[in-house]
Amino acid sequence: MARFNFQAIEKKWQQEWEKKKIFVVSEKKGKKKFYVLEMFPYPSAYGLHMGHAFNYTIGDIYARFMRMQGYNVLYPMGYDSLGLPAENAAIKEKIHPKKYTDRAISNFIKQQKGLGISYDWSRLVMTHDLSYYKWDQWIFLQMFKKGIAYRKKAPVNYCPRCKTVLANEQVINGKCWRHEDTEVEIKQLEQWFFKITKYASELYDKIDKLKDWPEDIKLMQKYWIGKSHGVDIDFEIEDKDINCVVVHGVNKKDKEKLARGEPPQNERHWIPWIKKQLEKKGIKTEAPLMPNNWNPKYNDWKKEFKNLNINENSVLIGHSGGGGFLIRWLGETKKRIKKLILIAPAIAYAKEKTPFEDLLRFKIDNKIKENIGEIIIFVSNNENESIRKSVRIISEKLDVPPTTLKDKGHFLEKHMGTQEFPELLKEVISRKKWPIFTTRADTIFGVTFMVISAQHPELPELVKGTKQEKEVMSFVSKLRGIKQEDIDKMDKEGVFIGKYAINPINNEKVPVYVGNFVLAEYGSGMVMAVPAHDQRDFEFAKKYKIPIRVVIQPKKDKKLSEKTMKQAYVDYGILVNSGKFNKMTSEKAIIEISKSLQQKNKGKHTIQYKLKDWLISRQRYWGTPIPIIYCDKCGIVPVPEKDLPIKLPEKVKFGKGNPLETVKTWIKVKCPKCKKDAKRETDTMDTFVNSSWYFLRYCDPKNKNKIFDKKKVKYWMPIDQYIGGKEHATGHLIYFRFYTKFLRDLGLLNIDEPTLKLFNQGVLHGPDGRKMSKSYGNVVLPEEVSKKYGIDTARLFLVSMASPDKDLKWGDKGVEGSLRFINRVMGYFTKLKFGKSDPRLESKLNKTIKEVTQDIKEFRYNLAVIKIRKLFDYFTEIDKKTAEAFLKMLHPFCPHITEELWHQWNKTFISLESWPKYNEKKINLAFEKEEEIQEKLKQDIRQIVKILGTRPKGIYVYVIPKELKVYNPKELEKEFNCKVDFQTSNKITYDPKKKAKKAKPGKPAIYIE
RNA sequence: GCGGGAGUGUCGGAGUGGUCAAACGAGCAGGACUUAAGAUCCUGUGGGUUAGUCCCUGCGCAGGUUCGAAUCCUGUCUCCCGCACCA
């Protein structure tokens, strides 16, 4: 039991610190800053337990240590206070989430203050505070502007118990992260996403720059982002679903000629002719009608174009200047189309004075590419200079290499009136390019079928109208009813979809299947199947009796044969059955085959990531409202910044589905664009959004006009030491990196990473050995520990048991050891009268300061504590300087008692004192050595005395001459209560048992009577 | 299946190529103090051998590299964590 009234001491100093605001900081020029941060907690109604205390103690020790080292330390605390438990409480206990949350927070604050943590409470940040989530909404709007926040229909993880969509990170083994017994369902819903994949490469590559992150976290992130190098190879599938093909520009005369079926005589006439040819081949076409005098201006042309029915299934064909017009038009209208075919396109039409730059500025940017499924450029190898230049510029800008058709002279001179070109065009139009991703381009000759994912959104369109449509769709819907987890366990299954794909390396036709084992979200959702060299494809081929073709032979082992293979050979080897690539190694073939495909414009080196876009929509109340309005006329309209924040309505009904949908008055809103009636988005954001930037708000927590002041953030950021649990490795710790990069690109930050130093504390287990958690009922509460032992004891115990990055178990027995030490310290210092120091004490002190400083810096708290204890054990008579240095070193671990003891003779706060400095010159290792020898001698004597079983009458120690001064006979005489006679080994006066000859350096001989 | 981490006294854990494995704490044992208990203080605490020193043996198991291995390598067993049909 405690001998001192620790609770009174704790309370006294906690109040003093708060009253004098000693931990409140501001930006100070000329003082080095240090930002220490623990991951802020979700304020649970259950309050905090020793597990939390462990986390905060680790941070507090560091913050106090750095403060004493002279840094301007920013050490704030806040609450991730939006989230499901508050809402669930609303349903169960009929208490409003806000009330629940506010109550939980005030309880947390009280508890944290009770731990003596040195937070700057003036910077408190709470995410459920309107003044905080306003800026979540503001960031969302910036993301919306930049196309990072977007909406799409997607198969989503839906938890029927939470009644909400879950992020991938919240699905654990097919089950909800909050409900271990609840299967996650797959639903197709329109959802909001953050395009985190835009930053995939940077998020991946910069992991290596996170020098002071634990290696395992870095590996987990790398694996999660999942970078693989490979090739996108363009296979093609027949595509009948083309709405219309528009060949631009037909005038009235052309129309008449066309009616008579006459072949064209010049360029102008060629266009209607090709239209006719395509119609003959069953492709419906449309074309704008141009005035009789063929002298088109872009604006006239555009007017005609407006009347055409152009949609996502359209293929647009433009020739010469018409091609340029099409590019410009697509850029302006942002129309989505299936395919754009440019035939010898020209940027400027001869009669229209459109400077190249003007047109480029207009529309040839990457944005039009996003709206076009595929772009094909044809050119003949003998065009005139003007066309050649245009084609070069356009294909560079669009990053599409032109397909050159060999002939002499102008494109049309050769192709006009022939049947080959319409045939070629038809093929190009009616085939759908389908790139597939592979890391094994070397196996491409072994492709015997293709497999498309059953969840692929374009699959229904692909099979529409085929004989197999019914069978395919019933297979798909059968899978839809099955839980993802069970699909994972199922055998490979599939159905032929009635289509064939063309292998670009050898033009072979291979059947396309739909399969249950292909991921829709990875790559293009379709794979080339090489049964001989991929285990999944092998199983599938065996089941459906699809041919297997070996194209890789092992370098050493026996040759493979299709008939005897029992499983796929997946290793690298030597190519066979692969045309001109035979005899190459896989490594070389991957490069050569990629090159060859690239030359044909059928393949491209690609990097694929496993990382998926971040689904942020939640059908829940207690989250940040998404600042979007849906208007029948204007579509998706972002809330204007001046209308922020969108406040959560307080009066809602809980129970069924999304409570926000029950507040009709809140949903109803005027469209900011057209002022007509519109509706608010009722989804709220994932709470990981809130925690992705809170560390920035701490730098300027009360700013009403801006998210934060750039200068203040520049002063404090990056976080110099971040502390938190491993469980956030692939969640929060990726998201906050993503946010940092996005805000940097907005120009608000000048750093790439939020922190370069991360420390993962271990998990605290309860006395029963399981993770300390309310649900296991094994929580130990800080208040109780404080009452029994004092909180300083608890803090000391938490960090002295083991290295703080390791898991540890709370046991009451162990705490008592820490209490004993603290009691001794208190007892010693309250009675202390300063004496003198001596060189041995000084040596010990300086060595301890040196080592403890280094240990704390590197989070070896356990070792630091041991060294501080050892120093204390050495104390008998000490001077003021030593006493103060000792208290200072103990202070980060035990702030209250050290503050109390310090004030016995000081008026300042030890919390603000400077860390003791050591003097290397005063460290004398010989002292230590001597003490060790003396100690060893004592042990030896004790051992012999014990074996003798009688009290010694006289002890004779034989030492080598120069070691004589090392020993302290008085100390020995005191302990053994008899005469202790030291004799040097070269001058022996008494040695009845001839022991003296055993004396060695550092090991004296002994004789006891 | 893939990736990562860990196996050291009775227990929690230090030590990751070198003059000493088990620091420090807990437990246990003995002693001091006390009428007694508790608290406190002192001492001991892997095994064998020995009046201490010396020596042998010990870091999951089995090998190997080295003048020298708890530490590096190979195989193997057990436990923990993360990912998981990623083409």
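Chain letters run A, B, ... following the sequence lines, proteins first, then strands; residues in each count from 1.
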Of all the heavy-atom pairs spanning [X] and [Y], show the shortest one and how long it is.
X	Y	result
A:Pro804	A:Phe54	O-CZ, 3.6 Å
A:Asp534	A:Val570	CA-CG1, 4.1 Å
A:Asp613	A:Ile196	OD1-N, 3.3 Å

Would you mind classifying the nucleic acid contact of [X] as base, sugar-phosphate or nothing, using non-hydrogen atoms under 4.0 angstrom?
X	value
A:Asp537	nothing
A:Ser800	nothing
A:Gly226	nothing
A:Lys870	sugar-phosphate
A:Val865	nothing

Please give the distance between the [atom1] atoms of [N] and [M] as a whole number of Å.
N	M	atom1	result
B:G64	B:G44	P	39 Å
B:C77	B:U65	C1'	23 Å
B:G47	B:C80	P	31 Å
B:C11	B:C2	C1'	35 Å
B:U16	B:U35	P	50 Å
B:A70	B:G18	P	11 Å
B:G5	B:C54	C1'	41 Å
B:U8	B:G60	C1'	10 Å

Partner nucleotide of [N] by Watson-Crick or wobble geometry (both distances under 3.5 Å):
N	answer
B:C24	B:G12
B:C41	B:G31
B:G18	B:C67
B:C83	B:G1
B:G7	B:C77

Main chain of A:Trp810, side chain of A:His765: is a donor-acceptor contact present, judged purely on distance under 3.5 Å?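 No.
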
Is there a donor-acceptor pair closer than 3.5 Å between any side-chain N or O of A:Tyr828 and the backbone N or O of A:Thr876?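 The answer is yes, because a donor-acceptor pair under 3.5 Å joins these two groups.
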
With a cut-off of less than 4.0 Å, is there a side-chain N or O of [X] near OP1 or OP2 of [N]?
X	N	result
A:Ser818	B:G25	no
A:Arg824	B:U40	no
A:Lys610	B:A84	no

Nearest to the side chain of [X], heavy atoms from C-beta on, is which of [options]?
X	options	result
A:Leu519	B:G4, B:C86, B:G13	B:C86
A:Arg820	B:A14, B:U40, B:G82	B:U40
A:Ile866	B:G4, B:G13, B:A23	B:A23
A:Leu863	B:G15, B:C83, B:C85	B:G15
A:Tyr522	B:G27, B:A84, B:C86	B:C86
A:Leu219	B:C86, B:G4, B:G25	B:G4

What is the distance, rounded to the nearest whole Å, between atom [atom1] of [X] and atom [atom2] of [N]?
X	N	atom1	atom2	value
A:Leu796	B:G25	CG	P	11 Å
A:Leu819	B:G38	CG	C1'	14 Å
A:Asp807	B:G7	CG	P	13 Å
A:Ile217	B:C83	CD1	P	12 Å
A:Phe540	B:A87	CZ	P	19 Å
A:Met220	B:C2	CE	C1'	14 Å
A:Phe437	B:A87	CZ	P	6 Å
A:Glu816	B:C11	CD	P	20 Å

Relative to the 5' end of RNA chain B, which residue comes earlier, A:Gly523 or A:Asp216, by the nucleotide with the nearest heavy atom?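 Per heavy-atom nearest nucleotide, the more 5' residue is A:Asp216.
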
In terms of the nearest nucleotide of RNA chain B, which residue is placed more toward the 5' end: A:Asn516 or A:Asp805?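 Its nucleotide being nearer the 5' end, the pick is A:Asp805.
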
Centroid-centroid under 6.0 Å between A:Phe540 and A:Tyr513 rings: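 Judged by ring-centre distance (under 6.0 Å), A:Phe540 and A:Tyr513 do meet the cut-off.
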
Could one point to a donor on the side chain of A:Arg536 or the base of B:A87 with an acceptor on the other under 3.5 Å away?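 Present.
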
Going by modelled atom types, is there a donor-acceptor pair between the base of B:C24 and the side chain of A:Lys867 at under 3.5 Å?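 Checked by distance alone, the answer is no.
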
Contact check, side chains of A:Lys604 and A:Val231, non-hydrogen atoms, under 4.5 Å: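 Not in contact.
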
Any donor-acceptor N or O pair under 3.5 Å, side chains A:Arg860, A:Gln854: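 Their side chains do not contain a donor-acceptor pair, so the 3.5 Å distance test is not met.
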
Under 3.5 Å, is there a donor-acceptor pair between the A:Tyr735 and A:Thr730 side chains?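 The answer is no; no qualifying pair exists.
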
CD/A:Gln761 to NZ/A:Lys726 distance, rounded to the nearest 0.5 angstrom?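 If we round to the nearest 0.5 Å, A:Gln761:CD and A:Lys726:NZ are 10.5 Å apart.
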
Chi-based syn or anti call at B:G9, which uses purine or pyrimidine torsion atoms and a 90° bound: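 Syn.
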
Could you list the protein-to-nucleotides 32-34 of chain B atom pairs, N/O on both sides, closer than 3.5 Å?
none

Is any side-chain N of the basic residue among A:Lys602 and A:Glu236 closer than 4.0 Å to the acidic one's carboxylate O?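 A salt bridge links A:Lys602 with A:Glu236.
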
